[in-house]
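A quick write-up on the structure given underneath.
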There are 2 protein chains.
Amino acid sequence: MADSLTDSIQDYLKVIYELTENGSAASNTALAARLHIAPASVTGMMQKLASAKPALVEYRKHQGVTLTARGKRAALEVIRHHRLIEAWLVQTLGYSWDEVHNEAEKLEHAISEEFEERIASAMGYPLRDPHGEPIPSADLIMPEDQGIELAKLHPKQEACVQRVHAQDAGFLKHLEELGLVIGARMKVLDVSRYDQVMHIQLRGRKEAIAVGPAITNRVFVEISK
Amino acid sequence: MADSLTDSIQDYLKVIYELTENGSAASNTALAARLHIAPASVTGMMQKLASAKPALVEYRKHQGVTLTARGKRAALEVIRHHRLIEAWLVQTLGYSWDEVHNEAEKLEHAISEEFEERIASAMGYPLRDPHGEPIPSADLIMPEDQGIELAKLHPKQEACVQRVHAQDAGFLKHLEELGLVIGARMKVLDVSRYDQVMHIQLRGRKEAIAVGPAITNRVFVEISK
DNA sequence: ATATATATTTAGGCTTACCTAAATTATTAT
DNA sequence: ATAATAATTTAGGTAAGCCTAAATATATAT
């Protein structure tokens with residue numbers, strides 16, 4: 001059971017999952033940065049997880065890590081917990097989307113399968129969390145996500161905000177002020193070739209945002225022809 | 001802040017609070033038993049808590065421990081969390097009173113003050129948990145409890161079940177089958193002087209229960225003249 | 001191809017919170 | 001009061017998960 005894994009190990013697996021979603025292996029340095037831990041500590045943990053009774057991780061020195069089927073399942077279990085809890089906090093306790101991450105980060109390790117099932121059922125088995133991120137199903141399948149990076153849009157295209165890949169409270173508040181919330185309709189007006197500023201139409205207003213990792217690479221949209 | 005205390009230490013403080021509610025000091029053996037830990041380990045922890053920067057515990061060798069004001073506050077914080085969560089699980093997720101203890105035992109360490117306030121507010125600031133146990137106020141005052149042990153009742157007295165001091169699921173289920181639930185009205189018919197069996201009238205039926213630590217010392221009632 | 005820079009691993013240490021076994025102190029019974 | 005019993009403490013040890021500093025491997029630039 002994933003339940004016999006420590007909080008710490010669950011955190012490692014979750015981050016490895018995220019870093020390997022693009023198909024590449026995760027480097028120890030990247031892991032260390034995300035977990036706020038020294039790189040040397042990551043090495044030790046990777047050796048441990050790779051040689052665990054059922055290995056959770058595939059690891060070769062200097063090559064980075066990937067998850068085994070078992071490790072992936074454990075990671076998805078944690079991610080499912082996290083996203084269900086975020087949805088629960090917003091829907092039943094009136095949290096805003098910028099407040100839920102830290103709370104869920106602790107609760108995800110503390111809830112039982114029973115609790116998971118009860119909140120999922122109470123919410124009618126939601127498919128996405130408050131940031132639009134897909135929630136893995138109870139049998140731990142991560143839904144395919146066909147959203148497109150805002151950065152990839154061309155002028156005149158219209159789209160709906162589907163999902164925001166971020167957790168920093170300040171940043172999320174900023175997006176909200178901008179009007180970039182889940183479901184918002186928007187239209188690209190133009191993109192300056194020189195300073196990479198994108199102008200978009202949002203709820204009747206014109207906003208300017210920089211193309212790059214800050215915003216446009218974190219906001220995913222669904223194009224509406 | 002109480003939040004800088006580890007889960008383990010919070011558990012110690014909570015149990016010390018319970019064991020010292022009667023005014024006496026808590027023995028290391030009693031603590032060890034409740035925490036499922038070796039007595040020697042308790043000794044070490046008591047030494048640590050007693051010599052902490054702000055001491056959490058008053059401790060003298062072979063004499064047992066009591067809580068300092070600070071330790072008591074930390075204990076009440078954990079107990080408040082625990083009982084609010086139990087109430088929350090029952091009221092909003094349909095848990096039964098025998099299922100909530102273990103879940104709350106983990107969640108009590110994971111929630112923030114923000115979360116505490118939000119569920120308390122959502123429930124209208126309840127005064128008791130699903131077992132009738134009083135919930136410490138937000139400023140950490142434990143309400144006086146004037147309930148009387150069922151064992152102390154005399155024949156012909158009528159009373160309401162106010163509170164049940166127990167957490168074992170099987171035992172709680174048994175009480176429920178017996179009809180000994182919070183708020184139930186009951187009347188003592190007689191108590192056998194020889195085998196210490198108490199006969200009580202409950203929802204029209206006559207039930208026999210042994211006087212002693214199993215049931216009658218754990219069920220507290222409010223006498224209605 | 002070699003020097004430099006960066007990433008990673010090894011080695012040795014630390015803290016927390018537990019353990020067991022042995023020694024000590026307190027309690028109880030005679 | 002003393003012996004037997006029970007409770008408690010001391011001493012020494014372990015496993016997790018982290019750390020820093022030094023060593024090594026890989027990648028990059030000239």
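Scope of the values below: all heavy atoms of this structure, side chains included, with no hydrogens, waters or symmetry mates. Naming: A, B, ... by sequence-line order, numbering from 1 per chain.
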For H36(A) and dG17(D), what is the distance between atoms NE2 and P respectively, to the nearest whole Å? 18 Å
Do the side-chain N or O atoms of S41(A) get closer than 4.0 angstrom to the phosphate oxygens (OP1, OP2) of dG17(D)? no
Separation of D11(B) atom CG from dT16(C) atom P, in whole Å? 17 Å
Check: E108(B) and Q10(B) side chains under 4.5 Å, non-hydrogen atoms: no
Taking CD in E58(A) as the centre, count heavy atoms belonging to other residues, nucleotides or ligands within less than 6.0 Å. Is the count above 12? no
T6(B) side-chain proximity, nearest of dC18(D), dT9(C), dT16(C): dT16(C)
Can you check whether S8(A) has a side-chain N or O nearer than 4.0 Å to OP1 or OP2 of dA16(D)? no
Considering only heavy atoms, which members of residues 42-60 of chain A lie under 4.0 Å from some atom of DNA chain C? T43(A), Q47(A), Y59(A)
Is the distance between the ring centroids of H165(A) and H131(A) under 6.0 Å? no
Starting from C1' on dC18(D), measure out to CG on D7(A) and report it in whole angstrom. 15 Å
With the side chain counted from C-beta on, respond yes when I135(B) and R80(B) share a heavy-atom pair under 4.5 Å apart, and no when they do not. yes
Starting from P on dA17(C), measure out to CG on L31(B) and report it in whole angstrom. 15 Å
So P134(B) and R83(B), do their side chains get closer than 4.5 Å, heavy atoms only? yes
Between the protein and nucleotides 26-28 of chain C, list the N/O to N/O atom pairs that are separated by less than 3.5 angstrom.
none

Any sub-3.5 Å donor-acceptor pair from E103(A)'s side-chain atoms to S112(B)'s backbone N or O? yes
Can you tell me if H82(B) and D129(B) form a side-chain donor-acceptor pair at under 3.5 Å? no
Ignoring the backbone of A40(B), work out which of dT20(C), dC18(C), dG17(D) is nearest its side chain. dT20(C)
Roughly, in whole Å, what's the span from CG in L5(B) to P in dT16(C)? 13 Å
Smallest heavy-atom separation, Y17(A) atom then I79(A) atom, equals CD2-CD1, 3.5 Å
When you look at NZ of K72(B), are more than 12 heavy atoms from neighbouring residues, nucleotides or ligands closer to it than 6.0 Å? no
Quick check for you: among dT9(D), dT9(C), dC18(D), whose closest atom lies nearest to any side-chain atom of P39(B)? dT9(D)
